[in-house]
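Heads up, the thing below is written out as structure tokens.
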Amino acid sequence: MTAAATVAGIWDLSIATPIGKITAIIELRDDDGDALTGTARGAGEEVRLDGLALTGDRLTWKQAVTRPMRLNLAFDVTVTGDTLAGTSRAGRLPASRVSGLRRAGRAAETVPGTRS
């Protein structure tokens with residue numbers, strides 16, 4: 001199994017931001033047995049994950065979103081089995097806590113994109 005394959009799958013994320021909790025879904029793919037690619041869906045939009053890098057159990061990526069506002073986000077999480085935890089940062093704004101669970105054998109469903 002390649003390193004990329006260890007994180008491949010569909011992940012349900014929860015991001016604790018200053019404006020409330022935001023949920024999203026990311027899909028990570030091990031397309032050619034080595035390169036990791038992915039997309040994120042939430043708040044009514046789907047975006048590509050850029051600069052995906054897996055070093056040991058540390059996974060990082062960047063993504064640009066337009067909802068709830070236009071932001072360039074940088075994620076830095078640690079993957080442990082089917083869970084992940086870390087931070088998301090938007091420029092000079094304070095870091096937001098990120099947690100996630102990998103779905104087991106479920107196809108992508110409607111993205112909540114909700115805040116609570």
Side-chain angles (χ1 to χ4, degrees):
M1 178 182 293
T2 65
T6 64
V7 297
I10 298 171
W11 295 80
D12 293 304
L13 297 186
S14 178
I15 307 161
T17 75
I19 61 171
K21 182 174 82 171
I22 296 175
T23 58
I25 295 171
I26 61 168
E27 183 173 358
L28 302 173
R29 295 174 297 281
D30 178 18
D31 289 335
D32 64 7
D34 190 33
L36 191 59
T37 61
T39 55
R41 293 185 304 279
E45 69 181 332
E46 182 171 322
V47 299
R48 184 180 79 233
L49 304 182
D50 295 316
L52 271 164
L54 179 63
T55 306
D57 62 355
R58 183 176 175 216
L59 178 65
T60 58
W61 74 89
K62 295 181 181 180
Q63 68 186 74
V65 297
T66 60
R67 296 179 187 158
M69 64 184 66
R70 188 175 303 274
L71 294 169
N72 292 315
L73 304 172
F75 286 79
D76 188 341
V77 300
T78 300
V79 179
T80 306
D82 290 331
T83 64
L84 62 78
T87 60
S88 171
R89 197 170 209 53
R92 294 181 183 184
L93 295 175
S96 296
R97 285 181 294 115
V98 177
S99 61
L101 291 172
R102 183 177 0 214
R103 292 183 181 180
R106 297 186 310 186
E109 299 167 9
T110 304
V111 177
T114 59
R115 284 182 251 163
S116 56

task = Please name the residue in the list Leu93, Val47, Val98, Val65 that meets the side-chain contact (heavy atoms from CB on, under 4.5 Å) test with Leu73.
result =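 Answer to the side-chain contact (heavy atoms from CB on, under 4.5 Å) test with Leu73 among Leu93, Val47, Val98, Val65: Val65.
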
ask   = Testing Leu13, Leu59, Asp57 for side-chain contact (heavy atoms from CB on, under 4.5 Å) with Val77, which one passes?
value =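 Testing each of Leu13, Leu59, Asp57 against Val77, the sole residue satisfying side-chain contact (heavy atoms from CB on, under 4.5 Å) is Leu59.
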
Once you round to the nearest 0.5 Å, how far does [atom1] of [X] lie from [atom2] of [Y]?
X      : Y     : atom1 : atom2 : result
Asp50  : Thr37 : CG    : OG1   : 11.0 Å
Arg58  : Asp76 : CZ    : CG    : 4.0 Å
Leu36  : Asp30 : CG    : CG    : 7.0 Å
Arg102 : Ile10 : CZ    : CD1   : 11.0 Å
Leu84  : Leu28 : CG    : CG    : 8.5 Å
Trp61  : Ser88 : CH2   : OG    : 8.0 Å

Write down the atom of [X], the atom of [Y], and the distance for their closest heavy-atom approach.
X     : Y     : value
Ser96 : Ala16 : CB-O, 3.2 Å
Glu45 : Arg67 : OE2-N, 3.2 Å
Leu49 : Gln63 : CD2-OE1, 3.2 Å

request  = In sequence, state the C-alpha distance, the side-chain angles, and the governing distance for Arg103 and Asp12, and then conclude on side-chain contact (heavy atoms from CB on, under 4.5 Å).
outcome  = CA-CA 7 Å; Arg103 292 183 181 180; Asp12 293 304; 2.8 Å; yes

message = Would you say that Thr55 contacts Thr60 through its side chain, given a criterion of any heavy-atom pair below 4.5 Å between the two side chains?
response =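 A side-chain contact is absent here, since even the closest heavy-atom pair is not under 4.5 Å.
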
query = Do Val7 and Leu54 have side-chain heavy atoms sitting under 4.5 Å apart?
reply =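 Yes; the side chains approach each other to less than 4.5 Å.
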
